[in-house]
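See below for the structure under consideration.
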Amino acid sequence: MIQSKIIPESQHLCITIDGDLLSTNVKTYGTYIKRTLDEEIGYKAVAVDLNSAEILDSVGLNMLVSLAKILAEKSVILKIFVSSPSILKVMRFSRIDKVAEIVYAERVS
Amino acid sequence: MKANKARIIVVDDDFAGLEFMSISLEMLGLDVSKACSVKEAKKIIEKSGIHTFECVLTDFRMPEESGLDLLEWVQLTDPALSTIIITAEGEKDLVQRSLRGGALDFLEKPINRKALQEAISNAIETTRKKRATANITQGVKEAGQYDQIFKAIRAREVEHLLKYFFHPLSDVGGDFINVLKIAEKKFLILAGDVSGHDIRAAFVSAYFQGLARGLLKKSASIEEIVSYFNTILNREWANSADQDLPSTFPLSASLCILASTVDFEANTLQILNCGFPEPFFIDKNGLIQPFKVGYPPLGWIEGESYKEASVDIHPLAYLLAATDGLIELANNLQLNFMSLSYYLLNHSSEKANSILKVSTDDVLIFKFQLAPELTKTERYFPLVYEVIPGNEFQIIDFYQEKWEKSLKLIFEDRLGAKLDDILHGAREAALLSLTLSCEKLQTKLCSLQMVYCEALNNITVYVRDPDAQITDQAKRAERIEAKRKAIASLMEFSTCSIEEAYASIKMEFQLDLLHQNT
C-alpha cells in the first residue's frame, strides 16, 4: 500500500510505502507517485518512507533514482527514510547517497 | 463462434452419433475429422500431425480402447490439446476419472447442439492459449541456453584460476561473468548485474558484453567502455522507456559492473567497481580486506567520470565478489554471506538447490586466484566476515547464533566440540573489542573474520578495531596490554595472540575434522 500527504510546516511531500519495494510493485507505485507529483504543489522536498521495508531490489533502487532525477529538474530534494540494516547496506554500496539523502533510524525491536 | 477453421477430430463407434456431431460442428465452420475407434483416431492424428488439431471429442465407451485411453495418449503427446469426453447420462464415476485424467470437459448424452458448441469453442480457445504459453516458455528456455553460452566466456589460460557459481532466478538473467584476454599475460575479469531478472535484463546484459568485447578488441580502456555504456543507458534507454506511456513512472535499466584487470607479467591489479557490493581481497595470510572504492551503477548518473584504482597485488591470494542476490539470500537464511559463498562454490548443484529455493534474485559468486602459484598453506577461504558497531555488544548472542549456523552449514557436525571453542573465543574477543576499543559507541566499528585453511586444518579468527587507527604510541601500547590481560582466558583452547601492527586479536583453532571438505 502507498499513501501520501503534504506537511505544510516543512513543505515536505511525504510518500509512505508499506512493505518492500520490488520489481513486482514498482510499476504500480510509480504510477501513483507520478500522479501525486503532478497533482500536489508547494513542496520543496519529497520524503519517501521505507521504514517498513525489508527488501529493496535493483528495480526498486532504479525507481528511487528516477524519482531523484525528476525532482532534481524541479530543484526538489529527495530524502529516503530506512530502518532496515540490510537495506542501508544496499544503499551504501550502490552509492545512492549521490542522488538522494538517506536517513537511517535503526528499528527498535 | 470465435474458432472458425479450427480442426477437430470426433471419435465414436456409434455411426449415428458420429455423424450428428460431425455435421453439427461442420455447420459451425470447423474442419472435422471422423474416426470410429481410438486406433483409427490415432492414425488420423499422427498422419496430419497432432499440432494441426485443436480439439479431440471422444466417446468414452468404445470396444478395444476407450476414450480414456485416447485421452491418456493425447496427454502424453501434446498436453496442450484439449480433450472432451462424452459419457452416458448419470455416469458420474466416469466423469470424475476423465477429469482427473486431464480431460478439459465432459458432455452427457443426449448431447444438445448448444452445449456441444459451447464446449468445443471453449476447448479450442484453451488449446490455443496453452500452445502460445508453451511456445513462449520454450523460447525463453532457448534464450537462456544461448545466454549461458555467452556468459561462460573464459580465457582458457586462466580458467583454472576462476571458481564461480551462477544461479539465475528464471530461465534468463542479467548476471554475468567473463574472463577476457587483453594481452599475453593480462586478463580482465568482468562481472555484471543488470537490474531485474527477466528477458529485458538478459538483453541489456548481452548487449553490454558484446559491446565490451568489441571495444576491448579495439584497445578501448575499461573506463571508456563503462563511460560509453553509462551514456547509452542514461540517454537512449531512459528516453525510450517512457515515450509510449507518459502516465507511468519512467523506469530505466541499470548495470552494476566489477572490472578487475590482472597483469601477471607487470604484477599489477586495477579495479573498477560501479555499484557492485564491495569485493574482498584475501591475502596469503588469510586476512580479508574489503575494497571500498567505487561508483554508482551505470545508468544512474550521466557524465560520471570513472577511474580504475590500483591495488598492490603482491600480498594477495584471491579476489572474491558476489552480486547483491547473494547478500539478500544470506539475510533471508540468517547466514553470514561468506559462509554461503563457500558453500555454494564448493557444493553440488543438487545440494545448493535446497538453499536456493528462497532466493529472490539472480546469484553470482566468483573467486579468482590473483597469484598464479600459491602454496597450500596460502590457500585460505573466508567463512565469516562481520562489521559490528560498538553499541551492538548488547546483541552479541544474535551474532553468535548466526556464526554457529554459518559454520554448521559448511562443516555440519564435523567440528564437534571445537565449534563451541571457536564460538566462545570469537564472542569473547568481539565483546572485548566492542566494549574496550569501540567504547560501546555506534560510530566505532570492529571487524570479525573467520578464515579456513584446509592444508593447515585450522580456522583463524581475527578481531580488528579502531585501536588500529590510534597514532599515539603510548595509548596504543596501553590498549594492547589491556587486551593481552583480558584474553588470557582464551588461551586455554586456542593459540591466541595480539597482532601489534594492527592492535588486533588473532586466534587459531586447530581442527580435528572426521572428513576433509571437498
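Lettering of chains follows the sequences in order, A, B, ..., and the numbering in each one begins at 1. Below, each value reflects all heavy atoms present in this structure, side chains not excepted, and no hydrogens, waters or symmetry copies.
- In this structure, no portion of Ile87(A) lies under 4.5 Å from any heavy atom of chain B.
- Within a 6.0 Å radius of OH in Tyr228(B), other residues, nucleotides and ligands contribute 12 heavy atoms or fewer.
- With respect to chain A, the highest number of heavy-atom pairs below 4.5 Å among Cys274(B), Cys256(B), Pro277(B), Gly299(B) belongs to Pro277(B).
- In this structure, the portion of Glu278(B) lying under 4.5 Å from any heavy atom of chain A is its backbone and not its side chain.
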> Is there a side chain to side chain donor-acceptor pair (under 3.5 Å) between Ser227(B) and Glu223(B) once you walk through the steps?
Replying inline: CA-CA 6 Å; Ser227(B) 182; Glu223(B) 291 136 328; over 6 Å; no

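- The stretch residues 71-80 of chain A participates, sequence neighbours left out, in these side-chain hydrogen bond (donor to acceptor under 3.5 Å, both in side chains) pairs: His12(A)-Lys79(A).
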Distance-only donor-acceptor pairs under 3.5 Å for side chains of residues 92-100 of chain A, two or more places apart:
residue	atom	partner	partner atom	Å
Ser94(A)	OG	Val90(A)	O	3.1
Ser94(A)	OG	Met91(A)	O	3.2
Arg95(A)	NE	Gly294(B)	O	3.1
Arg95(A)	NH1	Phe93(A)	O	2.8
Arg95(A)	NH2	Lys292(B)	O	2.8
Lys98(A)	NZ	Glu304(B)	OE2	3.2

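- Of the two parts of Val293(B), only the backbone, made up of N, CA, C and O, holds a non-hydrogen atom closer than 4.5 Å to a non-hydrogen atom of chain A.
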